[in-house]
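Computed from a prediction, not measured in an experiment: that's the story for all the values here.
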There are 2 protein chains.
Amino acid sequence: MELPEAKQKFIEAWGKLGSEWGVNRTMAQVHALLLISPDALTTEDIMESLSISRGNANMTLRELMSWGLVEKQLKAGERKEYFFADKDTWNIARQVAKERRKRELDPIIKILDELTKVEGDKKDPAYQTFNKSVTDINKLAKNVDKTLETMLKADENWFWGSILKIFK
Amino acid sequence: MELPEAKQKFIEAWGKLGSEWGVNRTMAQVHALLLISPDALTTEDIMESLSISRGNANMTLRELMSWGLVEKQLKAGERKEYFFADKDTWNIARQVAKERRKRELDPIIKILDELTKVEGDKKDPAYQTFNKSVTDINKLAKNVDKTLETMLKADENWFWGSILKIFK
DNA sequence: TTAAACTTTCAATATATTTTGAAAGTTTAA
DNA sequence: TTAAACTTTCAAAATATATTGAAAGTTTAA
């Protein structure tokens with residue numbers, strides 16, 4: 001396989017993976033494109049490479065910046081804005097974990113905490129089942145939360161070293 | 001908060017979480033409903049509880065069964081099919097991890113393995129960047145894969161015990 | 001100033017996903 | 001058999017999500 005074809009495949013695969021994980025396809029593709037570009041790209045470059053409109057490119061880039069995955073780069077003596085992606089995979093994973101925790105895990109834990117407190121007739125099977133499921137899910141969510149918390153603070157080698165050591 | 005309201009909230013929250021994680025909202029809601037039901041429910045019960053059509057209920061239940069999250073229950077002397085959800089949170093997490101690994105992680109690892117092998121001019125920055133990103137992402141994906149593999153084999157207490165011990 | 005170079009916005013449009021519900025299919029009891 | 005009880009299918013409709021592109025907004029150099 002030659003490089004241009006390989007690039008295409010990578011962008012396609014990353015886009016597909018994104019859309020299976022709640023990230024819009026174009027956003028994942030722009031990210032992929034920037035990940036394999038040695039230099040920062042302009043909005044025009046991205047529009048052309050991926051055949052998308054200016055509006056779409058602009059929105060997507062802002063979204064990627066809000067996720068902390070892409071940054072603007074200003075070049076001296078140039079009006080145009082250039083964009084580049086953080087290439088450090090561990091940073092990317094951490095950044096994504098951080099954002100999703102904030103956006104999704106935190107809110108559900110808040111709701112589960114409330115629901116855990118709901119009182120009811122301890123003899124009522126409906127109440128028992130509700131309470132057990134909610135409590136169990138809450139525990140799981142908190143374990144995940146703790147693990148993420150540690151991951152966010154950790155260094156990559158240490159993290160995988162520790163995890164994989166357990167699983168030797 | 002009273003039980004009926006709490007149930008509603010739980011179904012709503014689970015549905016929202018699902019849709020943020022690539023599971024369709026209705027599927028997550030049916031799952032939530034079954035999780036908090038002490039008894040197995042019929043298609044009719046589910047249609048009524050969630051105000052959805054027969055076709056939708058049927059498709060969703062089959063999908064949940066294909067994920068291994070819900071099972072059919074046949075009651076002696078009855079024609080109707082009853083459905084109930086596995087209430088063990090650890091089983092649910094494992095089941096979901098197992099399916100997503102098979103459906104999403106495995107295919108991308110296969111592609112990354114191929115892309116890692118692409119040859120090119122080692123002096124070319126475009127090739128260097130491509131190769132580094134692909135290789136790094138491949139490593140990360142394989143670490144995740146190994147961790148999931150172990151999680152799938154593990155017992156809940158052992159798993160969280162080991163993880164949380166490291167992160168004490 | 002001002003006009004060229006660039007970025008942002010957003011209503012309209014296109015695309016993708018989900019849901020409906022009636023018809024077709026299947027199973028069972030008598 | 002057969003007809004009632006139940007499940008499945010799937011084309012059409014509804015809904016949700018993503019994209020376009022032209023107009024409006026902003027910044028800069030002269």
Between [X] ([atom1]) and [N] ([atom2]), how many Å, whole number?
{"X": "M47(B)", "N": "dT7(D)", "atom1": "CE", "atom2": "P", "result": "10 Å"}
{"X": "L61(B)", "N": "dC6(D)", "atom1": "CG", "atom2": "C1'", "result": "14 Å"}
{"X": "E63(B)", "N": "dT19(C)", "atom1": "CD", "atom2": "P", "result": "12 Å"}
{"X": "L74(B)", "N": "dA5(D)", "atom1": "CG", "atom2": "P", "result": "19 Å"}
{"X": "E20(A)", "N": "dT17(C)", "atom1": "CD", "atom2": "P", "result": "11 Å"}
{"X": "E78(A)", "N": "dA29(D)", "atom1": "CD", "atom2": "P", "result": "12 Å"}
{"X": "K72(A)", "N": "dC6(C)", "atom1": "NZ", "atom2": "P", "result": "14 Å"}
{"X": "K75(B)", "N": "dT28(C)", "atom1": "NZ", "atom2": "P", "result": "18 Å"}

Please find the pair of heavy atoms, one from Y127(A) and one from E119(A), that lie closest to each other, and give the distance.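 Of all heavy-atom pairs spanning Y127(A) and E119(A), the closest is CE1-C, 3.7 Å.
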Nearest heavy atoms of N131(B) and V118(B), plus distance in Å: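 Answer, listing the atom of N131(B) first, then V118(B): ND2-O, 4.2 Å.
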[N] pairs with which nucleotide, Watson-Crick or G-U wobble, both distances below 3.5 Å?
{"N": "dG25(C)", "result": "dC6(D)"}
{"N": "dT15(D)", "result": "dA16(C)"}
{"N": "dA30(C)", "result": "dT1(D)"}

Please check if the number of heavy atoms outside M27(B) that lie under 6.0 Å from its CE is greater than 12.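 Buried by this count: over 12 neighbours within 6.0 Å.
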Quick one: what's the B/S/- string for nucleotides 12-27 of chain D, heavy-atom cutoff under 4.0 Å, read 5' to 3'? ------SSBB-----B
Can you tell me how the ring of W90(A) sits relative to the ring of W160(A), calling it parallel under 30°, perpendicular over 60° and tilted otherwise?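 Ring orientation, 0 to 90° scale: perpendicular.
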Plane angle bin for H31(A) and W14(A) - parallel if under 30°, tilted between 30 and 60°, otherwise perpendicular: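 It falls in the tilted class, 30° to 60°.
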side-chain contact (heavy atoms from CB on, under 4.5 Å) partner of K142(A), the single match among N138(A), L140(A), V144(A):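 With K142(A) as partner, side-chain contact (heavy atoms from CB on, under 4.5 Å) holds for just one option, N138(A).
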So, is N58(B) near the phosphate of dT8(D), with a side-chain N or O under 4.0 Å from OP1 or OP2?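 For N58(B), the contact criterion (side-chain N or O under 4.0 Å from OP1 or OP2 of dT8(D)) is met.
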Side chains of N58(B) and R62(B): donor-acceptor distance under 3.5 Å anywhere?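 N58(B) vs R62(B): donor-acceptor pair found between side chains.
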